Amino acid sequence: MVFSSSVFLFIFLPITLIGYFIIRKELKNIFILCMSLIFYTWGEPKVVILMIISSFLNYSYALLLNYMKIHMKQMTKIIVAIAVLTNIGILFYYKYYDFTVININRIFRTNLTIKQIALPIGISFFTFQGMSYVLDVFMEKAEVQKNPFHVLLYISLFPQLIAGPIVRYSDINHQIENRAESLEKIASGISRFIIGLSKKVLISNSFAVLADNIFNSDPLKLSVLTTWIGTIFYAVQIYYDFSGYSDMAIGLGKILGFDFLENFNYPYISKSITEFWKRWHISLSSWFRDYIYIPLGGNRKGNVYFNLFIVFLITGIWHGASWNFIFWGIWHGIFILIERAKKLHSGKTKIPFGWCYTMFIVLIGWVFFRCPNMSEALKFIRSMFGLNKNTFFDTQTFFIMKESIILFIIASIGSTPIMKILKTKSQEYVLPKYILTATRSFVLGGLLVICVSYIINNSYNPFIYFNF
C-alpha cells in the first residue's frame with residue numbers, strides 16, 4: 001500500500017485517523033500498532049512475520065544486554081556483536097544471497113543454486129531501525145524497553161515503515177510512551193502530507209514517465225542532449241519521489257503526535273559532494289556516521305580515508321544487490337575522499353564552480369543508480385559524451401523540452417529554498433494572519449484536489465525507495 005494510492009487515501013487513512021482520535025489514550029499505541037501491521041500485511045502478507053520476528057529478536061537482545069551490563073559487563077560486546085550479525089544475516093539472506101551466489105558461480109564456475117528470494121518491502125529500513133535500538137541501549141543513548149509491543153510499534157510504525165526516514169529509537173522512545181496531539185500539530189502534519197503528496201504525484205510521477213521513455217530507449221539511438229535531459233529528469237524524479245515520501249511520513253507522524261527528524265535539506269543546491277551528503281537522505285547519512293564511521297575511528301583514530309571509503313562502499317551495498325549500486329557508492333566516496341584530502345569538506349576552501357562540479361558528479365552517479373546493470377550504465381554514459389557516434393541534437397530532444405519546460409521550471413524552483421525565503425519575507429509584511437492562513441489553505445486544498453484527480457485517473461505510481 002502506497003501513500004499516493006486510492007486505497008490508502010480513501011480507506012486506510014480515514015479509518016486509522018478516526019479510530020486513533022476516538023479511542024482512549026491508553027489504547028492508542030495498541031490501535032496504531034494493529035493498523036501498522038495491517039498496512040504492512042496489505043503489501044507483504046507472507047513476510048510480516050519476518051518483521052515481527054526481527055522486532056522481538058532485537059527486543060530480546062536489548063533485554064539481555066541490559067542484564068549483562070549489571071551482572072557480566074564483559075559479555076556486552078559479545079551480545080551486541082550477535083545482535084548485529086543476526087540483523088545483517090537476515091538482511092543478507094533476503095537481499096544479497098542470490099547476488100552473492102551469482103557472482104560466486106561466475107568467478108569460480110560453480111553451479112550453486114539460486115533461490116530467487118523475493119525482497120521484502122522496506123527490509124533495509126526496519127533492519128537498520130532494529131539494530132539502532134540495540135546499539136542505542138548499548139551506548140546508553142536510550143533505556144531498555146520492557147514492553148515488547150512498544151519495540152514492535154517503533155519498528156512497524158506505518159508512516160516510516162517501508163521507505164523511511166530511518167527513525168532511531170533514541171529519537172522517539174519518549175514519544176511512544178508519552179506524546180500529545182494538538183490542533184496545531186495536526187494542521188502542520190496535514191499541510192506537510194499534502195506537500196509531500198504533491199511532490200510525488202504531480203512532479204515525480206510526471207518526470208518518471210519522461211525519464212523512463214529515455215532510459216528504456218536504446219542509448220545508441222539517443223542524441224547527446226537527450227541523454228543529459230533524461231539524466232536530469234531522473235534526478236528530479238528521485239528527489240521528488242523520496243523527499244515527497246519523507247514529507248508524507250513526517251506529516252503523518254505529526255498528525256499522530258510523533259516528531260520525525262528531517263530527511264532532506266535542498267541537496268541540489270550543494271556546492272560539494274560532502275555538502276550533498278549532509279543534505280541528501282540525512283537519516284541514512286547520520287546512521288552510517290554514528291554506527292559505522294565513528295566506531296571505525298572516524299577522523300580521530302585509524303585511517304580517516306579508509307573509514308570514509310568503507311562507509312560509502314556500504315552505502316552503495318545498502319541501496320541494492322547490484323554492482324551498479326556498489327559503484328554508485330564508491331563513485332561518491334571517491335570525491336568525498338578527494339575533497340577531504342584537499343580540505344574542501346570544511347567549506348573554508350571554495351571549490352571553483354562548486355555547484356556545477358557537484359551536479360556533474362551527482363548526475364553521472366544517477367545514471368549508475370538508474371540503469372539495470374553496469375553494462376547499460378556505461379553504454380548510456382558513452383552516449384552522454386557522444387562516444388557512441390550519436391548526434392548532439394535531434395527532433396526528439398526538441399519535443400521533450402517543449403513538453404516539459406514549464407514543469408521543469410516549477411520543479412527546479414521547488415528544489416531550492418526560494419519558496420521558503422518568500423514565505424519568511426511575506427510574514428515580515430504587516431498582513432493579517434488570517435489572510436496568509438486562508439491563502440495557504442486555499443493553495444493546499446487546490447493541490448489536494450489535483451492530486452486526487454491524478455491518482456484516480458492515473459495508474460502509474462512507482463515508489464523508487466520501496467526497492468530498498
Side-chain angles (χ1 to χ4, degrees), residues 1-59 62 120-122 125-126 129-130 133 142-194 196-197 245-261:
M1 193 187 306
V2 300
F3 292 165
S4 54
S5 68
S6 299
V7 173
F8 179 83
L9 290 174
F10 304 133
I11 300 175
F12 180 85
L13 187 58
I15 292 173
T16 301
L17 295 182
I18 291 170
Y20 184 78
F21 286 109
I22 65 173
I23 205 165
R24 298 205 316 266
K25 185 175 181 179
E26 58 269 24
L27 297 176
K28 286 184 184 292
N29 279 346
I30 295 174
F31 176 78
I32 205 66
L33 172 59
C34 292
M35 296 308 295
S36 294
L37 293 176
I38 291 171
F39 176 84
Y40 191 72
T41 304
W42 186 274
E44 294 285 352
K46 293 182 180 179
V47 298
V48 67
I49 301 299
L50 173 67
M51 184 190 66
I52 294 173
I53 291 171
S54 173
S55 300
F56 278 95
L57 280 173
N58 286 300
Y59 161 78
I121 293 175
F125 290 94
F126 70 69
Q129 290 191 192
Y133 166 59
E143 293 182 0
V144 69
Q145 175 57 252
K146 302 293 177 65
N147 188 333
F149 296 105
H150 283 184
V151 175
L152 181 58
L153 173 61
Y154 153 65
I155 291 174
S156 67
L157 192 59
F158 79 87
Q160 48 77 56
L161 171 60
I162 51 181
I166 300 173
V167 177
R168 301 190 203 183
Y169 182 74
S170 57
D171 290 331
I172 68 164
N173 58 329
H174 296 299
Q175 298 175 43
I176 290 173
E177 298 183 12
N178 185 24
R179 62 185 180 279
E181 302 86 14
S182 66
L183 288 176
E184 183 180 358
K185 211 169 185 178
I186 293 170
S188 174
I190 293 171
S191 172
R192 190 68 180 269
F193 180 83
I194 293 173
L197 185 66
Y245 190 96
S246 293
D247 285 339
M248 287 187 277
I250 292 168
L252 289 169
K254 281 189 179 296
I255 295 171
L256 300 173
F258 291 94
D259 289 309
F260 301 152
L261 297 180

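What's counted below: heavy atoms across the whole structure, side chains too, no hydrogens, waters or symmetry copies. Model, not experiment: these values are computed from the prediction.
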Which pair of heavy atoms, one from [X] and one from [Y], lies closest together, and at what distance?
| X | Y | value |
| --- | --- | --- |
| Leu161 | Ser156 | CD2-O, 3.7 Å |
| Thr16 | Phe31 | O-CE2, 3.2 Å |
| Gly253 | Phe260 | CA-CE1, 3.9 Å |
| Ser5 | Val2 | OG-O, 2.7 Å |

List the residues meeting side chain to side chain donor-acceptor pair (under 3.5 Å) with [X], not counting sequence neighbours, and say none if there are none.
| X | value |
| --- | --- |
| Tyr169 | Gln145 |
| Glu26 | Arg24 |
| Ser54 | none |
| Gln129 | Gln160 |

Practice item. Give the C-alpha distance, both sets of side-chain angles, the deciding distance and a yes or no for side-chain contact (heavy atoms from CB on, under 4.5 Å) between Phe8 and Phe158. Key: CA-CA 11 Å; Phe8 179 83; Phe158 79 87; 4.0 Å; yes
Review point. Can you tell me if Tyr154 uses its side chain to pair, donor with acceptor, with the backbone of Val167 under 3.5 Å?
Key: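 Side chain of Tyr154 to backbone of Val167, a donor-acceptor pair under 3.5 Å: yes, one is there.
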Exercise for review: Would you check if the side chain of Ser55 reaches a backbone N or O of Met51 as a donor-acceptor pair within less than 3.5 Å?
Suggested key: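 It does hold such a pair.
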Residues that [X] engages under side chain to side chain contact (heavy atoms under 4.5 Å, CB included), provided they are two or more places apart:
| X | value |
| --- | --- |
| Pro148 | Phe56, Tyr59 |
| Leu9 | Phe193, Leu197, Ile455 |
| Ile194 | Ile190, Ser198, Leu444, Leu447, Leu448 |
| Ile11 | Ile15 |

How far does [atom1] of [X] sit from [atom2] of [Y], to the nearest 0.5 angstrom?
| X | Y | atom1 | atom2 | answer |
| --- | --- | --- | --- | --- |
| Ile250 | Arg192 | CD1 | CZ | 4.0 Å |
| Gln175 | Leu157 | CD | CG | 10.0 Å |
| Leu152 | Asn29 | CG | CG | 11.0 Å |
| Ile32 | Leu256 | CD1 | CG | 4.5 Å |

**Study point:** Name of the residue among Tyr40, Phe39, Trp42 meeting ring-ring contact (aromatic ring centres under 6.0 Å, His included) with Phe12
**Key:**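 Answer after filtering Tyr40, Phe39, Trp42: Phe39.
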Exercise for review: List the steps, then state whether side-chain contact (heavy atoms from CB on, under 4.5 Å) holds for Phe125 with Ile155.
Suggested key: CA-CA 9 Å; Phe125 290 94; Ile155 291 174; over 6 Å; no
Point to revise | Non-neighbouring partners of Tyr20 that pass ring pair (Phe, Tyr, Trp, His ring centres under 6.0 Å), sequence neighbours left out | key: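 Tyr20 satisfies ring pair (Phe, Tyr, Trp, His ring centres under 6.0 Å) with no residue once adjacent residues are dropped.
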Practice item. Any pair with a residue in residues 159-184 that passes salt bridge (Lys or Arg N to Asp or Glu O under 4.0 Å), sequence neighbours left out, goes on the list, sorted by first then second residue, please. Key: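 For residues 159-184: Arg168-Asp290.
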**Study point:** salt bridge (Lys or Arg N to Asp or Glu O under 4.0 Å) partners of residues 248-260, not counting sequence neighbours, each pair once
**Key:**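 Checked against salt bridge (Lys or Arg N to Asp or Glu O under 4.0 Å) - neighbours excluded - the pairs reaching residues 248-260 are Lys185-Asp259, Lys254-Asp259.
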Practice item. For the pair Ile23 and Ile30, evaluate side-chain contact (heavy atoms from CB on, under 4.5 Å) and give the outcome as yes or no after the intermediate values. Key: CA-CA 10 Å; Ile23 205 165; Ile30 295 174; over 6 Å; no
Practice item. Take Asn147 and Leu153 through the side-chain contact (heavy atoms from CB on, under 4.5 Å) test and state the conclusion after the steps. Key: CA-CA 10 Å; Asn147 188 333; Leu153 173 61; over 6 Å; no
Check your understanding: Do Leu37 and Ile52 have side chains that get closer than 4.5 Å, going by heavy atoms?
Key ->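 Counting from C-beta outward, Leu37 and Ile52 do come under 4.5 Å.
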Review point. Any side-chain heavy-atom pair from Ile255 and Phe21 closer than 4.5 angstrom?
Key: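 Ile255 vs Phe21: side chains touch.
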